[in-house]
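What follows is a set of notes on a single structure, which appears directly below.
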Amino acid sequence: MADDNIKNAQIKITFPDGSSKEYPAGITPLEVAESIGPRLASDALAARIDGRMIDLNAPLNENTELAILTFDLDEGKKIYWHSTSHIMAEAVKKLFPNIKVAIGPAIDEGFYYDFDKETPFTPEDLEKIESEMQKIIEADLPFCREEMSKDDALKYFGEQDENYKLELIEEIEDEAISLYTQGNFTDFCRGPHIPSTGKIKAFKLTSIAGAYWRGDEKNAMLQRIYGVSFPKKAMLDDFLERMEEAKKRDHRKLGPQLELFAIDNEVGAGLVLWLPKGAIMRNIIEDFWKEAHKLFGYELVYSPHIARLELWETSGHTQFYTENMYQPMDIDEMKYQIKPMNCPFHMAIYTSRMRSYRELPIRWAELGTVYRYERSGVLHGLMRVRGFTQDDAHIFCTPDQLLDEIKGVIDITLYLLHAFGFHEYDVYLSTRPEKFVGTLEGWEMATKALRQALEDKKMSFKIDPGEGVFYGPKIDIKIKDALGRSWQCTTIQVDFNLPERFDLKYMGKDGEMHQPITIHRALLGSLERFFGVLIEHYAGNFPVWLAPVQAIILPITENQYDYAKDLYKRLKGEGIRVELDDRSEKVDYKIRDAETNKIPYMLIVGKREEEANNISIRKHLVGEQGTQTLEEWVKKVKEEIEKKGG
RNA sequence: GCUGGAGUAGCUCAGUCGGUAGAGCACAUCCUUGGUAAGGAUGAGGUCACGGGUUCAAUUCCCGUCUCCAGCUCCA
């Protein structure tokens, strides 16, 4: 009878758009969705009430805010993928009954499930698993939630020898835990899940990889299967197409193809050779970078590639950074170390003489090449290498100047990134880790300054708690590449450690010695990584100001060679990076070649152009642009270069 | 470093159940002088990643190493 009372009661449900409506208590989110429309009801995957996610069949007994989660929402996607991982686990358990299951979460694009299996999965296994999954999906099995006491759950999974589940359950503090069952598979899971397996309309298992239990290399290696799923076949097709497109943009493919860089086994893994065309681009990037730094009040410095080991002991690198440092070498009975960082040199420049508060802030920048040992498995094209050039700088300032200096760094960062066509990135503020140097007040002050600077610059950011470096809090700006991976380029770090270790001082207005604050920052990060990101960002179709070859002259027949050579000389004289294709080939062929080489402008000259003393312009990926005189075109393209367009 | 996969011409890839290899593109020479994404002929080009082992014989089978790829872990 008590139930009836609840059922007769009315509750108020508020929707995301702010509207609200009365419903009988005990109604489920699915029923609410049905009352709104059949389309929503069929798209509904789960629900969110007051910030908590629940199943569609969970009764609502109190006034609440309610959002119906569909695949269009990130939360909906995650639930959808997570449910697919359960389906995959069921299929795997059916095919390989002795396997043990570990965890199977949703990730940014899809899901995975880790299994403990003696022998790794094969591609054939994946096909079998896929068809088993298809059966489960076609059976449209409901996902059923069940609550159990912790003890019962331990007993339940203990009987099945699911030791990974036991380990997870043991760590749960709640007394009751939830289990989800679909078909013959029951998993310990917080949920929620989609109503039934039939909601999965298209899926694909994408790859197999080893992964350590709980991501710790001391633990057992598990077999991980990655997959992705969608409510429409077309969405899966789009996804696969996007992966293909990403592959085409891969800088490791485009780099050698466009003759930008090479990595040669004989030279060594993770060591980059900049080919002439890549080197031209690097020069342009460096020149622009130097100009920008002068503009923003930096001075440029240089420092050596090696230094006595004592310097690295002073800086603390031998203590905190040995794993990434190469072996020191013996010179004149002293140890010298190839540099993994530039910082100590800039400290040494600071201490090269007495400093006054009048000099601060000091901003010293250097394109400093460093060498770091990276484990072989982490090397990745230009993105992760063993020798690279950081666009490094150190700012020495007083506490009063800190906020303005950080804002200044953000300004120059955005100035640079915008010029290179980057307008989207994720910003993180990393706070104090467990192990740290310096005082709590110092950390507090610096973190506040970093936060304040971001807020003043109206940049949205996320907090990365405890992810700061031991020597100070930092701001990281990450650029996303074509494969969806985030690459950290910009890092702005406050450093309490080095000023202390190098005993940096300045004479204050008060006649006393004070210690300056140091900001360590790299904006592009490293030229290598940034170049890799740049290649993928533009898919090799660089804007004119960056393109290694800006234009190519394509004479139609030999009769125009003299005219073409004259044009070539004049363009060279104008500082345009131009080539002349005087091979005895048809224009079609030369055009195709120029297009595949992604040269921004093709200047086609035949009999007509020579007679009219003009050129026919074709733009890469766009097509014919009509004719212009050389002067007109040069003026236009110079403007384009000037404003870094294209 | 770990797990799995891979390494054949500059590139993309065939192939050899053990008898030292082939195509297309690119390259060179010649023919062709063609108007907006591939004209034709001929030619050159390979220690089949490297080092061992088995064998009359290894690019092929076995072991090891290196590198690359997908991840894990760690970072600019």
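Chain A is the first sequence line, chain B the second, and so forth, proteins listed ahead of strands; every chain is numbered from 1. Please read all numbers here as calculations on a predicted model, not as lab measurements.
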**Message:** Taking CD in A:E171 as the centre, count heavy atoms belonging to other residues, nucleotides or ligands within less than 6.0 Å. Is the count above 12?
**Reply:** yes
**Asked** Looking across every strand, which nucleic acid part, if any, lies under 4.0 Å from A:Y112 by heavy atom: base, sugar-phosphate, or nothing?
**Response** nothing
**Asked** Can you check the A:D216 CG to B:C72 C1' distance for me, whole Å?
**Response** 11 Å
**Flag for A:R608-A:S616: side-chain donor and acceptor within less than 3.5 Å** = no
**Request:** Answer with yes or no whether A:R372 presents, from its side chain, a donor or acceptor under 3.5 Å of a partner atom in the base of B:C74.
**Result:** no
**Message:** Is there, by distance only and without an angle test, a donor paired with an acceptor across the side chain of A:Q257 and the base of B:A26 below 3.5 Å?
**Reply:** no
**Message:** Please classify the nucleic acid contact of A:Q223 as base, sugar-phosphate, or nothing, using heavy-atom distances under 4.0 Å.
**Reply:** sugar-phosphate
**Message:** Taking any heavy-atom pair under 4.0 Å as a contact, classify A:E595: base, sugar-phosphate, or nothing.
**Reply:** base
**Prompt:** Looking at the side chain of A:R375, which of B:C75, B:U36, B:G1 is the nearest nucleotide?
**Reply:** B:G1
**Complete:** With sugar-phosphate taken as primed atoms, P, OP1 and OP2 and all else as base, the protein-contact string of nucleotides 39-51 of chain B at under 4.0 Å (heavy atoms; B, S, -) is B------------
**Asked** What integer number of Å spans the C1' atoms of B:A9 and B:C13?
**Response** 11 Å
**Message:** Checking the side chain of A:K590 only, and the main-chain atoms of A:R583 only, is there a donor and an acceptor separated by less than 3.5 Å?
**Reply:** yes
**Message:** Please tell me if A:R583 has a side-chain N or O lying less than 4.0 Å from either OP1 or OP2 of B:C27.
**Reply:** yes
**Asked** Can you check the A:I225 CD1 to B:A70 P distance for me, whole Å?
**Response** 19 Å
**Asked** Looking only at atom P, what distance separates B:U59 and B:G51, rounded to whole Å?
**Response** 10 Å
**Message:** Measuring only the C1' atom in each nucleotide, how far is B:A41 from B:A49? A whole number of Å is fine.
**Reply:** 36 Å
**Request:** Decide if the gap between the ring center of A:Y371 and the ring center of A:Y326 is smaller than 6.0 angstrom.
**Result:** no
**Message:** Within the 4.0 Å heavy-atom criterion, would you say A:E609 contacts the bases, only the backbone, or no part of the nucleic acid?
**Reply:** base
**Asked** Base, sugar-phosphate, or nothing: which does A:V370 touch, judged by heavy atoms less than 4.0 Å apart?
**Response** nothing
**Item:** 5' priority, RNA chain B, between A:D593 and A:I208 [closest heavy atom]
**Value:** A:D593
**Message:** At 4.0 Å (heavy atoms only), tell me whether A:S616 reaches a base, stays on the sugar-phosphate, or touches nothing.
**Reply:** base
**Request:** Run the numbers on A:F530 and A:F422 for ring pair (Phe, Tyr, Trp, His ring centres under 6.0 Å), then give the verdict.
**Result:** CA-CA 11 Å; A:F530 188 75; A:F422 293 106; 5.7 Å; yes
**Item:** Given B:A76, B:C74, B:U36, the nucleotide with the shortest approach to the side chain of A:I604
**Value:** B:U36
**Request:** Can you tell me the distance, in whole Å, between the CG atom of A:D476 and the P atom of B:C74?
**Result:** 15 Å
**Prompt:** If the P atom of B:G24 is compared with that of B:U60, how far apart are they to the nearest Å?
**Reply:** 27 Å
**Request:** Determine the contact category for A:R214: base if any of its heavy atoms lies under 4.0 Å from a base atom, sugar-phosphate if only primed atoms, P, OP1 or OP2 are that close, otherwise nothing.
**Result:** nothing
**Asked** Of A:L524, A:I475, A:L523, A:T491, which meets side chain to side chain contact (heavy atoms under 4.5 Å, CB included) against A:T413?
**Response** A:L523
**Item:** Rounded distance in Å between the C1' positions of B:A26 and B:A44
**Value:** 13 Å
**Asked** When you measure from the side chain of A:D392 to the backbone N and O of A:L367, does any donor-acceptor pair fall under 3.5 Å?
**Response** no
**Rounded interatomic separation in angstrom, taking CD from A:E610 and P from B:G35** = 16 Å
**Message:** Quick check: A:F115 with A:Y113 (ring centres under 6.0 Å apart)?
**Reply:** yes
**Message:** Below the 4.0 Å mark, does B:A76 have OP1 or OP2 next to a side-chain nitrogen or oxygen of A:Q488?
**Reply:** yes
**Message:** Taking A:R252 first and then A:E536, would you say they form a salt bridge - that is, a charged N and a carboxylate O separated by under 4.0 Å?
**Reply:** no
**Message:** Checking the side chain of A:K339 only, and the main-chain atoms of A:P304 only, is there a donor and an acceptor separated by less than 3.5 Å?
**Reply:** yes
**Item:** Euclidean distance for C1', B:U33 against B:C25 (whole angstrom)
**Value:** 24 Å
**Message:** Tell me if the NZ atom of A:K253 is crowded by more than 12 foreign heavy atoms within 6.0 Å.
**Reply:** no
**Request:** Using a strict cut-off of less than 4.0 Å between a Lys/Arg side-chain nitrogen and an Asp/Glu carboxylate oxygen, indicate whether A:K636 and A:E632 qualify as a salt bridge.
**Result:** no
**Message:** At 4.0 Å (heavy atoms only), tell me whether A:G525 reaches a base, stays on the sugar-phosphate, or touches nothing.
**Reply:** sugar-phosphate
**First of A:A211 and A:K253 reached from the 5' end of RNA chain B, by closest nucleotide** = A:K253
**Prompt:** Which part of the nucleic acid, if any, lies within reach of A:R618 when heavy atoms closer than 4.0 Å are counted: base, sugar-phosphate only, or nothing?
**Reply:** base
**No-H, no-angle donor-acceptor pair, A:Y212 side chain to B:G1 base, under 3.5 Å** = yes
**Item:** Between P of B:G71 and CE of A:M221, the distance in whole Å
**Value:** 14 Å
**Request:** State whether the distance check finds a donor on one side and an acceptor on the other, under 3.5 Å, for side chain A:R592 versus base B:U36.
**Result:** no
**Message:** Tell me the interatomic distance from A:L222, atom CG, to B:C72, atom C1', rounded to whole angstroms.
**Reply:** 10 Å
**Item:** Minimum-distance nucleotide to A:A209 side chain [options: B:C74, B:A70, B:A37]
**Value:** B:A70
**Asked** Can A:Y471 and A:Q493 be counted as having a side-chain donor-acceptor contact under 3.5 angstrom?
**Response** yes
**Asked** Can you tell me which stems RNA chain B forms when a stem means 3 or more consecutive Watson-Crick or G-U pairs under 3.5 Å?
**Response** B:1-7 with B:66-72, B:10-13 with B:22-25, B:27-31 with B:39-43, B:49-53 with B:61-65
**Request:** Please state the C1' separation for the pair B:U47 and B:A21 - nearest whole angstrom.
**Result:** 13 Å
**Asked** How far, in whole Å, is B:G15 from B:A58 if one measures between their C1' atoms?
**Response** 16 Å
**Item:** Electrostatic pair A:D476:A:K474 at N-O distance under 4.0 angstrom
**Value:** yes
**Request:** Between B:G35, B:G71, B:C75, spot the one nearest the side chain of A:R608, thanks.
**Result:** B:G35
**Message:** Categorize A:V587 for me: base, sugar-phosphate, or nothing, with a 4.0 angstrom heavy-atom threshold over every strand shown.
**Reply:** sugar-phosphate
**Prompt:** Does B:G71 have A:Y226 stacked on its base, where the ring centres are within less than 5.5 Å and the planes differ by under 30°?
**Reply:** no
**Request:** Rounded off to whole Å, could you give me the NE2-to-C1' distance for the A:H317 and B:A76 pair?
**Result:** 13 Å
**Request:** Look at all strands and tell whether A:K607 reaches a base, only sugar-phosphate, or nothing, counting heavy atoms closer than 4.0 Å.
**Result:** base
**Asked** For the pair made of CZ in A:F121 and P in B:G5, what is the distance, rounded to whole Å?
**Response** 14 Å
**Request:** Using atom types as modelled and distance alone, determine if a side-chain donor or acceptor of A:R529 lies under 3.5 Å from a backbone N or O of A:Q488.
**Result:** yes
**Asked** Within the modelled atom types, does a donor on one side and an acceptor on the other bring the side chain of A:S207 and the base of B:A70 under 3.5 Å apart?
**Response** no
Any protein N or O atoms within reach of nucleotides 63-69 of chain B? Criterion: under 3.5 Å, listing atom names and distances.
from	atom 1	to	atom 2	distance (Å)
B:C69	OP1	A:R252	NH1	2.9

**Prompt:** Aromatic ring centroids of A:W312 and A:F345 under 6.0 Å?
**Reply:** yes
